[in-house]
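See below for the structure under consideration.
In the text below, chain A, chain B and the rest are named by the order of the sequence lines, each starting its count at 1. Quick caveat: nothing in here was measured; it's all calculated off a predicted structure.
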Protein chains: 2
Amino acid sequence: MARPATDFATRLHSQGFRLTPQRQLIMDAVRHAARHVTPDEVYAAVHRQNPAISRATIYRTLDFLCEMRLIHALYWGGQMYYEIAAEQPHHHLVCRGCGVMVECAPDLLQIVVDVVEKKHRFTIDMDHVALFGLCRHCRGQGKKSKK
Amino acid sequence: MARPATDFATRLHSQGFRLTPQRQLIMDAVRHAARHVTPDEVYAAVHRQNPAISRATIYRTLDFLCEMRLIHALYWGGQMYYEIAAEQPHHHLVCRGCGVMVECAPDLLQIVVDVVEKKHRFTIDMDHVALFGLCRHCRGQGKKSKK
DNA sequence: CAACTTATTGCAACCAATTGCAATAAGGCT
DNA sequence: AGCCTTATTGCAATTGGTTGCAATAAGTTG
Ligand SMILES: [Mn+2]
Ligand SMILES: [Mn+2]
Ligand SMILES: [Zn+2]
Ligand SMILES: [Zn+2]
């Protein structure tokens with residue numbers, strides 16, 4: 001268990017935010033998801049536990065958790081996807097042909113991070129970068145994009 | 001003039017697509033924009049030339065031009081931004097604190113592109129990558145995200 | 001534990017974007 | 001130039017997500 005509930009609570013309180021049952025449920029839904037989840041999937045999971053929670057709260061809370069950097073967001077094909085901010089960072093290679101999403105090692109981008117840091121004095125978020133392109137199967141020829 | 005209209009036409013025709021006044025106007029609107037533009041800005045510009053053109057066509061055509069790789073898309077802060085696919089590729093550093101968007105040289109990512117190509121047999125789109133993070137001004141402390 | 005402040009929520013109105021469908025028109029072929 | 005096929009468009013309905021606002025309740029203070 002990398003991020004105990006107490007950690008979550010103190011992290012919120014230290015910045016004047018509050019710990020609510022809604023936030024706990026939404027955080028848990030993302031935490032216990034197998035992989036990246038859509039807002040709709042989060043809503044479904046949360047709704048099962050407590051049908052009174054509104055969609056607006058789902059969207060607002062997912063945004064909020066992103067800003068808190070407790071979850072990561074990924075936009076692809078007109079859809080947002082969320083994932084718990086894991087202990088070990090990773091990046092993604094997203095194929096615009098078939099949509100397949102491969103994980104890749106974080107150290108791969110370290111060189112870029114360092115150069116940008118020095119050259120532009122800009123700190124890249126190096127915990128969850130998505131790079132788009134074509135996978136080995138799709139690069140044969142100009143396939144139509146999945147979405 | 002890097003991409004003459006005739007080039008545009010043949011590119012469409014060669015794949016069974018058609019050249020319409022709508023597509024030309026939308027393409028021009030993106031081409032002549034100073035920088036990245038939103039669908040709404042494109043709509044405004046096009047609407048000035050021809051008020052009959054619907055919003056649906058704007059959205060559909062921007063998607064279409066992306067798939068044709070004639071324009072580039074960038075998603076940030078819940079908004080899509082479009083830009084002409086220029087002769088010379090470039091990347092962006094987008095600050096999640098203040099929203100400032102810096103251009104950076106394309107060769108910066110070449111190492112990553114090469115490694116990923118070899119290791120994952122995955123071809124990264126290296127003409128327009130956006131990397132998110134914090135600019136020199138915003139990395140002082142935990143500032144609230146702009147959006 | 002009661003009173004208080006204000007962050008957070010649910011609701012409903014709202015807005016941007018997508019979609020089904022029938023009308024239109026681009027481009028190919030005589 | 002006229003005819004034909006079907007890609008593309010405009011329209012209207014719909015969806016998915018956002019926002020203003022009043023009600024609620026988390027956390028603080030005494
Ligand atoms: Mn991930
Ligand atoms: Mn750009
Ligand atoms: Zn693929
Ligand atoms: Zn900044």
Side-chain angles (χ1 to χ4, degrees), chain A residues 5-6 8-27 29 37-47 49-68 70-71 73-82 144-147, chain B residues 5-6 8-27 29 37-47 49-68 70-71 73-82 144-147:
Chain A
T6 168
F8 183 33
T10 37
R11 190 137 170 198
L12 295 184
H13 291 160
S14 72
Q15 300 195 48
F17 299 117
R18 296 176 184 177
L19 181 62
T20 66
Q22 288 89 337
R23 282 180 177 166
Q24 292 192 63
L25 280 174
I26 292 167
M27 187 72 178
V37 282
T38 62
D40 219 56
E41 289 165 345
V42 173
Y43 175 74
V46 169
H47 192 263
Q49 309 276 333
N50 180 350
I53 297 175
S54 74
R55 277 200 149 81
T57 298
I58 303 293
Y59 288 111
R60 283 189 287 225
T61 303
L62 288 171
D63 276 357
F64 171 78
L65 294 174
C66 275
E67 290 194 355
M68 292 264 95
L70 293 167
I71 65 176
L74 169 58
Y75 179 82
W76 188 77
Q79 253 293 347
M80 293 296 313
Y81 295 89
Y82 296 92
K144 206 130 194 231
S145 286
K146 195 188 177 190
K147 198 153 190 199
Chain B
T6 169
F8 183 33
T10 37
R11 191 139 171 195
L12 295 183
H13 291 159
S14 71
Q15 300 194 49
F17 299 118
R18 296 176 184 177
L19 181 61
T20 66
Q22 288 89 338
R23 282 180 177 166
Q24 292 192 63
L25 281 174
I26 292 166
M27 188 71 179
V37 282
T38 62
D40 217 55
E41 288 164 345
V42 174
Y43 175 74
V46 168
H47 192 263
Q49 308 276 334
N50 181 349
I53 297 175
S54 74
R55 277 201 150 79
T57 298
I58 303 294
Y59 289 112
R60 282 189 289 223
T61 303
L62 288 171
D63 276 358
F64 171 78
L65 294 174
C66 274
E67 290 193 356
M68 292 264 94
L70 294 167
I71 65 176
L74 169 57
Y75 179 81
W76 188 77
Q79 253 294 345
M80 292 297 311
Y81 294 90
Y82 296 92
K144 204 124 193 236
S145 287
K146 194 189 176 190
K147 197 149 192 201

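- Nucleotides of DNA chain C nearest to B/Asp40 and A/Gly16 differ in position, and the one nearer the 5' end is that of A/Gly16.
- Spacing between atom CD of B/Gln79 and atom P of C/dC15 amounts to 16 Å, rounded to whole angstrom units.
- One atom, OH of B/Tyr75, and another, C1' of C/dA16, lie 12 Å apart when rounded to the nearest Å.
- The interatomic distance linking A/Gln24 (CD) with D/dA26 (C1') rounds to 12 Å, in whole Å.
- Dashed line: the shortest gap from a side-chain N or O of A/Thr20 to OP1 or OP2 of C/dT9 is under 4.0 Å.
- Residues that satisfy the ring-ring contact (aromatic ring centres under 6.0 Å, His included) test with A/Tyr82, not counting sequence neighbours, are absent from this structure.
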- Assess whether side-chain contact (heavy atoms from CB on, under 4.5 Å) is satisfied between B/Met68 and B/Phe64, documenting all intermediate values. CA-CA 6 Å; B/Met68 292 264 94; B/Phe64 171 78; 3.7 Å; yes

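- The base of D/dT9 has none of its N or O atoms less than 3.5 Å from a complementary donor or acceptor on the side chain of B/Arg60.
- At the phosphate of C/dT8, OP1 or OP2 sits under 4.0 Å from a side-chain N or O atom of A/Arg23.
- Here the C1' atom of nucleotide C/dA26 and the CZ atom of B/Phe8 are 14 Å apart, to the nearest Å.
- The ring-ring contact (aromatic ring centres under 6.0 Å, His included) search around B/His47 returns B/Tyr43, not counting sequence neighbours.
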Find every protein N or O atom lying less than 3.5 Å from an N or O atom of nucleotides 28-30 of chain D, and list the pairs.
none

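- With rounding to the nearest 0.5 angstrom, the CE atom of B/Met27 is 4.5 Å from the CG atom of B/Leu70.
- Atom CD of B/Glu41 is separated from atom P of C/dA16 by 13 Å (rounded to the nearest Å).
- For D/dT8, the OP1/OP2 oxygens have no side-chain nitrogen or oxygen of B/Thr61 closer than 4.0 Å.
- Of the residues near DNA chain D, A/Pro21 and B/Ile53, the one whose nearest nucleotide (by heavy atom distance) lies more toward the 5' end is B/Ile53.
- Within the structure, a side-chain polar atom (N or O) of B/Thr57 is placed less than 4.0 Å from OP1 or OP2 of D/dG10.
- Rounded to whole Å, atom P of D/dA26 lies 9 Å from atom CZ of A/Arg18.
- Protein atom CZ of B/Phe17 is 16 Å distant from nucleotide atom C1' of D/dT5, rounded to whole Å.
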Distance-only donor-acceptor hits, side chain of residues 49-58 of chain A, under 3.5 Å, sequence neighbours excluded:
unit_1  : atom_1 : unit_2  : atom_2 : d
A/Asn50 : OD1    : A/Ala52 : N      : 2.9
A/Ser54 : OG     : A/Thr57 : N      : 3.3
A/Ser54 : OG     : A/Thr57 : OG1    : 3.2
A/Arg55 : NH2    : A/Asp40 : OD1    : 3.0

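- At whole-Å resolution of the value, CE in A/Met27 and P in C/dT8 are 15 Å apart.
- By the side-chain contact (heavy atoms from CB on, under 4.5 Å) test, A/Tyr75 pairs with A/Met80, B/Tyr75, B/Met80, sequence neighbours left out.
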- Decide yes or no on side-chain contact (heavy atoms from CB on, under 4.5 Å) for A/Tyr81 and A/Val37, but give the supporting numbers first. CA-CA 5 Å; A/Tyr81 295 89; A/Val37 282; over 6 Å; no

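- Taking 4.0 angstrom as the limit, B/Gln22 places a side-chain polar atom (N or O) nearer than this to OP1 or OP2 of D/dG10.
- At a cut-off of 3.5 angstrom, the base of D/dG10 holds no donor-acceptor pair with the side chain of B/Arg55.
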